[in-house]
Structure formats: structure tokens, C-alpha cells
Amino acid sequence: MVTSMTSPAASSDREKVVSKLPGWLRQSLKVRAAQHGIEIQTAVEQSIRDWCNLASATASVDTSGADSFSTFLPPGQWESFRQIAADRRVSLIQGLAQSIQLWLDSNPAPDVSRPEITRRIIVCNQKGGVGKTAITAGLGEALAEDSNSLYPVRVAKALTKALRDSEVQDEGMELDTNPLDVENLPGPGQQVLLVDFDPQCHLTNQLGATPLPMNGDSLTNHMAGDPKGDLRDLIVSIDDETFGGRLHLLPACNDAFLLDVRLSAVRAREAALERALAPLESDYDVIIVDCPPSLGLSMDAAAYYGRRRDREKPGESGALIVVQAEDSSADAYELLTTQIDDLRGDLQVDIDYLGIVVNLYDSRRGYIATSSLQGWVDIKDPRVVGLIGDLKEQKEAVRVKKPLLSYAPKSQQSVGMRALAREVL
Ligand SMILES: Nc1ncnc2c1ncn2[C@@H]1O[C@H](COP(=O)(O)OP(=O)(O)OP(=O)(O)O)[C@@H](O)[C@H]1O
Ligand SMILES: [Mg+2]
């Protein structure tokens with residue numbers, strides 16, 4: 001049954017059209033329209049226009065199992081489509097399926113955009129337990145998601161809303177994602193390497209991988225100029241089923257506790273991490289380094305690795321600072337930025353700040369939480385690029401040693417990690 005009727009006020013100058021489409025075609029249309037950043041109704045409008053402009057019908061499309069599909073078209077388009085379909089002796093359902101197949105064929109999925117210079121993101125704060133490891137993992141997972149699938153992403157206005165509400169100190173405010181603030185977007189499809197740069201091996205354990213044994217090869221050995229093999233051989237792939245082989249991890253080893261000591265004997269030691277990782281860069285779009293809670297030589301090496309390179313645009317690589325939405329984080333922040341500023345001056349390099357992620361935010365703590373959030377926002381440069389709630393899914397994912405975004409892909413936390421990924425991209 002095909003009917004058409006006048007549209008409701010919402011899409012004023014279009015008319016609602018109800019027809020049928022097979023599920024697979026509807027899904028392809030949805031994904032492809034999102035990949036091109038256009039609305040489904042616009043894609044259908046183009047589909048029908050192009051099909052009508054052909055000299056004849058195209059190859060027949062299997063429409064078995066087609067069920068209800070509705071959209072909004074410019075007035076009159078459906079009526080002339082109906083005429084042309086009748087002339088071509090195809091049913092409206094077949095004509096619509098052919099139109100959409102034609103559109104899919106002439107609008108292929110765009111290529112994933114890849115940076116010319118592998119981006120290096122240094123996740124840091126010498127204050128312990130603020131969520132560096134959680135953010136490293138979540139950000140990497142979000143960046144590796146499939147470019148041919150759609151995922152719920154919290155759009156920027158959710159952050160704006162939290163801030164507006166915090167200004168009026170509305171204690172009843174929930175960070176709970178309003179469905180209106182969530183959009184289904186294709187994954188960035190990036191090739192991601194997570195580097196567990198913390199001797200505690202938290203990231204390694206959290207993702208269900210095994211820390212490297214003490215007597216074998218490790219990043220520490222490579223940084224100390226004493227490699228025992230190819231660093232590539234130490235890398236493991238994380239949850240291929242979800243991330244399609246795009247998410248990799250360089251596990252940590254307890255020997256990193258001795259890194260600062262071993263580095264003290266190394267020439268140009270601030271460049272040690274760069275020397276070790278440079279051979280891997282051609283395999284990746286993004287390398288994310290999960291730093292330990294300390295401000296030693298290893299932090300210097302990490303910050304140096306994130307410096308802006310020749311021909312690299314500002315803000316492509318740099319330091320991502322994770323803080324907690326509470327005042328005690330502010331002192332730690334001062335210490336960290338002072339160290340990074342000193343390094344900039346001493347070595348004459350540019351180290352950009354990619355932003356501040358406010359983690360473990362809990363609006364139920366009322367004024368303490370909201371006023372501190374406002375404090376972070378007031379820094380302005382670097383700006384707040386992510387706001388992640390204090391939620392149970394993170395702890396559960398750690399407990400079961402699964403990546404958060406495959407353990408709870410629709411959770412608010414995952415939705416927020418994806419928003420963060422799109423802010424830093
Ligand atoms: N948004 C969150 N909601 C709930 N729990 C969280 C969140 N972020 C982190 N956690 C939990 O808080 C603890 C500390 O987080 P995490 O290990 O990521 O911090 P860290 O800064 O890397 O710590 P360290 O300084 O020891 O490396 C972990 O148990 C983690 O699962
Ligand atoms: Mg950590």
C-alpha cells in the first residue's frame with residue numbers, strides 16, 4: 001500500500017510519503033547518508049530524481065521482505081515518480097529500490113581521512129587515579145570504530161547544556177543524555193596504537209592483554225637503546241570483532257619502573273620515546289600514549305614525542321590533560337603545565353595542548369562539581385574537550401577486561417568518548 005498525504009508542520013514544504021523498502025537497503029541508505037552528512041530525505045529525493053532522469057529502469061533489485069518506509073519529499077515529486085514507474089512497468093516499491101540502489105552506486109562511501117603525519121596524543125596528569133588510562137582506552141576505541149557503521153555520539157550541545165545548567169547551579173541537573181543530543185554517526189575508522197607507558201600496566205590489564213615478561217623485549221629496552229628485536233612483534237590487536245583489526249596495543253612491562261634510571265645514561269633522552277616509536281608510525285593514523293602518574297624523565301620523553309613537527313598543523317598532536325571535576329585537581333594541573341612549559345622553553349619546541357578532559361563528573365555532588373567544572377572551562381586555553389560522567393560501565397568494563405565501547409557501546413560513557421574523539425580529531 002502506497003499512500004501520500006500532506007506533511008505535518010515539522011517539514012513544512014515537503015510531503016510525507018509512505019512506501020516500502022527491504023531492511024538491508026534501508027540500512028545502507030541510513031549509513032551512506034550519514035557518511036555524506038546529508039539527511040535521508042535528501043538522499044531519497046536525489047535517488048528518485050536521478051532514476052526518473054534515466055532513459056529506462058535499471059536492473060531489478062530484490063525487494064523481498066520489504067517493510068514500511070516513510071520519508072518527506074518535495075511536493076509533486078512522488079506523483080511524477082509514480083507516473084514514470086507506471087510507464088516503465090515497475091511497481092513503486094521496485095522503482096524506489098532501484099532509485100536508492102542507483103544513488104548508493106553513484107555515491108560510494110567516502111575514503112577515511114588519514115593524517116599525513118601520524119598524530120601523537122599524550123594523555124597525562126601526574127595526579128593518580130583521575131582517569132588517564134580510562135580516557136586513553138575510550139578515546140582509542142572511539143577513533144577505531146568502523147567507518148561503515150553508525151554509532152550513537154553525544155553532540156556538542158550536551159556539554160554546553162551541562163555548563164549552562166552549572167551556571168544556574170541547578171542541582172537537579174542530570175548529565176543523562178537526552179535523546180535529542182545524540183546523533184548516529186559513522187566511526188572514524190582510524191588505525192590506532194595505544195601505548196601503555198605506565199609500569200603499573202593498567203591499560204594492558206584493562207584491555208585483557210598480558211604485560212610483557214621482565215626478561216624479554218620491551219619499550220623500555222628500545223628507549224634505552226638496547227632493543228632485543230622488532231618493537232612490532234610486541235604489539236597485540238584488541239577485540240578484532242568490534243574494531244576490525246584497527247585497534248592495537250603496545251603492552252607495558254614492569255621494567256618501565258627502571259625507565260628513568262636507564263634513561264639517565266641515554267644521549268638526547270627526551271627523544272627516546274620518539275626514536276623507539278618512529279619505526280611504527282607508518283602503520284598508524286593515531287598513537288595514544290597513556291602516561292604514568294609522575295613527572296620524571298619519562299614524562300619529558302612523552303611530552304617531547306607529542307611536540308608539533310615541521311609541516312604539522314597546530315593542535316594535531318600534543319598533550320591531552322585529564323582532570324577530575326573537583327578543586328584538588330587544580331594544583332596538579334599547575335605543576336603539569338609548568339613542566340610542559342619548561343620543556344617547551346628548554347628544548348625550543350612547540351608542545352600543543354589538545355584540551356582538558358573533565359572526568360568522573362557527577363552533577364549530584366551539586367555545587368562542588370558544577371563550580372569546579374566551570375573553573376576548568378574558564379581556563380579557556382586549553383579548552384574543555386570532553387566531559388565524562390562517573391558511571392558504573394567504566395568500572396564494569398575494567399572488571400571484565402573488555403574495551404568499554406564493545407562492552408557497553410550504547411552507554412552514556414561510550415557516547416561521551418565518541419564525542420571526545422570527534423573533538424580532538
Ligand atoms: N568516568 C569514570 N567513571 C567511573 N569510573 C571511572 C571513570 N574513569 C575512571 N574510572 C575508574 O577510576 C579508577 C582510576 O582510573 P584510571 O586508572 O583510568 O586513572 P589513571 O589516571 O590512569 O590512574 P593512574 O594515575 O594510576 O594511572 C579506575 O578504577 C577506573 O576504572
Ligand atoms: Mg593510568
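Side chains are part of it too, since the values below use all heavy atoms of this structure and drop only hydrogens, waters and symmetry mates. Please read these numbers as outputs of a predicted model, since none were measured by experiment. Atoms within each ligand, like the ligands themselves, are counted from 1 in listed order.
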**Q** Measure from the Mg ion (ligand 2) to each N, O or S atom of T133 and report whether any distance is below 2.8 Å.
**A** yes
**Q** Quick test: of every protein heavy atom, which one is nearest to atom 13 (C) of ligand 1, and how far off is it to 0.1 Å?
**A** G129 O, 4.8 Å
**Q** Side chain, backbone, both or neither: which part of Q413 comes within less than 4.0 Å of ligand 1 when only heavy atoms are counted?
**A**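 For Q413, only side-chain atoms sit under 4.0 Å from ligand 1.
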**Q** Between D285 and R119 (salt bridge meaning N to carboxylate O under 4.0 Å), is one present in this structure?
**A** no
**Q** Is there a donor in the side chain of T136 and an acceptor in the side chain of T133, or the other way round, less than 3.5 Å apart?
**A**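 The answer is no; no qualifying pair exists.
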**Q** Do the charged groups of R120 and E312 touch, with an N to O distance under 4.0 Å?
**A**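 So R120 pairs with E312 through a salt bridge.
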**Q** Taking only heavy atoms of A134 into account, list the atoms of ligand 1 that are under 4.0 Å away from them.
**A**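 That gives atoms 8 (N), 9 (C), 18 (O) of ligand 1.
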**Q** Answer with yes or no whether the side chains of D341 and T338 bring together a donor and an acceptor at under 3.5 Å.
**A** no
**Q** Looking at ligand 1, is there an atom of it that comes within less than 4.0 Å of some heavy atom belonging to Q200?
**A**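 Flag set, Q200 near ligand 1.
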**Q** Is it true that D352 and R307 have a side-chain N and a carboxylate O under 4.0 angstrom from each other?
**A** no
**Q** Does the side chain of N205 pick up a donor-acceptor pair with the side chain of Q200 at under 3.5 Å?
**A**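 Absent: no donor and acceptor within the cut-off.
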**Q** Are any of the protein's heavy atoms under 4.0 angstrom from atom 28 (C) of ligand 1, yes or no?
**A**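 For atom 28 (C) of ligand 1 the answer is no, since every protein heavy atom stays at 4.0 Å or beyond.
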**Q** Using a 4.0 Å cut-off to any heavy atom of D198, which atoms of ligand 1 qualify?
**A** 27 (O)
**Q** Show which atoms of ligand 1 fall inside a sub-4.0 Å distance from at least one heavy-atom site of I388.
**A**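 Close to I388: 1 (N).
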**Q** If we ignore angles and hydrogens, is there a donor and acceptor under 3.5 Å between the side chains of E393 and Y407?
**A** no
**Q** Do L295 and L336 make a side-chain contact, defined as non-hydrogen atoms from C-beta onward lying under 4.5 Å apart?
**A**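 Sidechains of L336 and L295: in contact.
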**Q** Between the side chains of H202 and D196, is a donor N or O closer than 3.5 angstrom to an acceptor N or O?
**A**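 Side chains of H202 and D196: no pair found under 3.5 Å.
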**Q** Just by distance, no angles: are the side chains of N107 and Q35 close enough, under 3.5 Å, to form a donor-acceptor pair?
**A**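 No donor-acceptor contact under 3.5 Å links the two side chains.
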**Q** Can you sort out which atoms of ligand 1 are near V130, meaning under 4.0 Å from one of its heavy atoms?
**A** 19 (O), 20 (P), 21 (O)
**Q** Which residue holds the protein heavy atom closest to atom 10 (N) of ligand 1, what is that atom called, and what is the gap in Å?
**A** Q394 CG, 3.7 Å
**Q** Using a strict cut-off of 4.0 Å, indicate which atoms of ligand 1 neighbour a heavy atom of G128.
**A**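 What qualifies from ligand 1 is 25 (O).
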**Q** Just jot down the ligand 1 atoms closer than 4.0 angstrom to any heavy atom of V398, in number order.
**A**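 In order of numbering, the contacting atoms are 31 (O).
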**Q** Do Y353 and L320 have side-chain heavy atoms sitting under 4.5 Å apart?
**A** no
**Q** Can an N or O of K395 be found at a distance shorter than 3.5 Å from an N or O of ligand 1?
**A** yes
**Q** Using a strict 4.0 Å cut-off to heavy atoms of D390, name the atoms of ligand 1 that fall inside it.
**A** 3 (N), 4 (C)
**Q** Does ligand 1 have a heavy atom under 4.0 Å from the side chain of N125, from its backbone, from both, or from neither?
**A**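 The answer is neither.
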**Q** Within the structure, does P293 bring an N/O atom to less than 3.5 angstrom of an N/O atom in ligand 1?
**A**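 For ligand 1, there is no N or O atom that lies under 3.5 Å from one belonging to P293.
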**Q** Just heavy atoms, cut-off under 4.0 Å: does N359 contact ligand 1 by side chain, backbone, both, or neither?
**A** side chain
**Q** Give me the residue, atom name and distance of the protein heavy atom closest to atom 19 (O) of ligand 1.
**A**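 Looking at atom 19 (O) of ligand 1, the protein heavy atom closest to it is G131 N, 2.9 Å.
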**Q** Considering the heavy atoms of K132, write down every atom of ligand 1 situated less than 4.0 Å from one of them.
**A** 18 (O), 19 (O), 20 (P), 21 (O), 22 (O), 24 (P), 25 (O), 27 (O)
**Q** Measuring only between side-chain heavy atoms, which start at C-beta, is F69 closer than 4.5 Å to L96?
**A**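 Contact flag for F69/L96 side chains = yes.
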**Q** Please work out, at 4.0 Å between heavy atoms, whether the side chain, the backbone, both, or neither of T133 comes within that distance of ligand 1.
**A** both
**Q** Any heavy-atom pair between the side chains of V182 and V415 that's under 4.5 Å?
**A**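 Counting from C-beta outward, V415 and V182 do come under 4.5 Å.
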**Q** Test your reading of the structure: does C291 have an N or O sitting under 3.5 Å from an N or O of ligand 1?
**A** no
**Q** For atom 4 (C) of ligand 1, what is the closest protein heavy atom, and at what distance to 0.1 Å?
**A** L391 O, 3.1 Å
**Q** Closer than 4.0 angstrom: is that true for some heavy atom of G389 and an atom of ligand 1?
**A**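 Yes; G389 lies near enough to ligand 1 that a heavy-atom distance drops under 4.0 Å.
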**Q** Between F197 and L250, is there a side-chain heavy-atom distance shorter than 4.5 Å?
**A** no
